[in-house]
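Residues: numbered from 1 along the sequence shown.
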Amino acid sequence: MNASTEQTLDANNAEARSFDDFYQRQDQSTTLKAIFREALGIAELPAAIVPYSFVSFADLQRIAALLHVQAGQSLADLACGNGSLGLWLAQQTGAHLTGVDFSAAALTAAQAKAHALNLSAQSHFALGSLTATGLTDQSFDAAVSIDAIWLAHDQQQALHEAARILHPGAPLVFTSWEQHIPMPFVKQPVADYRPLLEQADFAIETYEHLPHSEALMKDIYARIRGAQAELLTEFGPTIQGLIGEAHFVPGLVDGVNYIAPENGPHVLVCARRL
């Protein structure tokens with residue numbers, strides 16, 4: 001193992017511990033649950049569905065349509081977090097869900113949600129990363145990843161890994177952000193995912209900028225800033241990173257709006273494994 005690999009593993013472990021802290025406390029926070037469920041327009045969905053992402057309910061329905069996964073088929077949710085969106089997709093489609101995340105606490109939360117939604121027999125959750133899922137070659141009929149691929153230390157490798165686990169012809173549907181200006185905590189900025197997808201043996205079917213995402217993100221961040229006191233009480237110091245993000249990303253710190261369409265557009269992608 002070389003020094004670069006060791007540094008990457010250390011960084012991954014530290015990041016996983018940070019996410020563990022968040023997911024261990026998230027069920028105690030009625031405030032953060034309300035912020036995301038209300039802003040995303042999913043207040044009518046089961047209470048267990050609490051995604052910490054920036055996809056609206058209309059986006060989620062569009063993702064389900066693009067996946068076109070059916071009952072009995074296999075769906076991988078890559079960087080699944082607490083499992084909310086993958087479980088909703090499994091509930092709607094009848095697909096068997098396998099969720100992968102590098103946070104053990106996130107997987108514990110996902111398993112609890114599966115139980116609450118009566119989906120335990122239809123779902124499985126395993127420890128793994130975007131670049132090393134631990135899943136079997138060509139074993140899935142579809143894969144989804146919501147607002148997570150940008151977190152990979154090597155986004156090209158993450159797309160190769162997604163291709164590896166999919167049957168030929170199977171779709172990968174994901175949301176992420178293009179990055180057209182430098183952003184401090186983006187590990188590997190990508191200005192356009194299409195060349196990376198083509199290098200990973202995907203044929204691109206849908207590549208859309210989501211024009212409503214900037215307003216949605218600003219709304220969520222404003223709600224977080226407005227609820228700082230409550231969030232700090234419920235989470236403790238663990239929430240400070242998200243509060244800092246809510247100030248920094250919209251430009252309240254340095255005057256740069258990192259999610260403006262010309263700077264960091266939110267994209268929805270459907271690509272099919274060749």
>> If only side-chain N and O atoms count, and only distance matters, is there a donor-acceptor pair under 3.5 Å linking N257 with E214?
In response: yes
> Charged N to carboxylate O under 4.0 angstrom, R223 versus D219?
Replying inline: yes
>> With heavy-atom distances below 4.5 Å as the criterion, would you say the side chains of L231 and L32 are in contact?
In response: yes
> Quick one: do the S84 and N82 side chains pair a donor with an acceptor below 3.5 Å?
Replying inline: yes
> Is R272 reaching over with its side chain to a backbone N or O of A170, donor-acceptor style, under 3.5 angstrom?
Replying inline: no
> For D59 and H212, what are the C-alpha separation, side-chain angles and deciding distance, and is it a side chain to side chain donor-acceptor pair (under 3.5 Å)?
Replying inline: CA-CA 10 Å; D59 295 330; H212 57 276; 2.9 Å; yes
> Using a distance-only test with no angle check, is there a side-chain donor-acceptor pair under 3.5 angstrom linking T175 and D147?
Replying inline: yes
>> Evaluate W150 against F174 for ring-ring contact (aromatic ring centres under 6.0 Å, His included), listing each step before the verdict.
In response: CA-CA 11 Å; W150 70 276; F174 70 91; over 10 Å; no
>> Would you say the ring centers of F248 and Y221 fall short of 6.0 Å from each other?
In response: no
>> Closer than 3.5 angstrom, by distance alone: can the side chain of Q138 be matched with the main-chain N or O of L166 as a donor-acceptor pair?
In response: no
>> Please tell me whether E230 and T31 have a donor and an acceptor in their side chains that are separated by less than 3.5 angstrom.
In response: no
>> Does either side chain, that of Y193 or that of E178, offer a donor lying less than 3.5 Å from an acceptor on the other one?
In response: no
> Where do A148 and L130 come nearest, in terms of heavy atoms and distance?
Replying inline: O-CD1, 3.4 Å
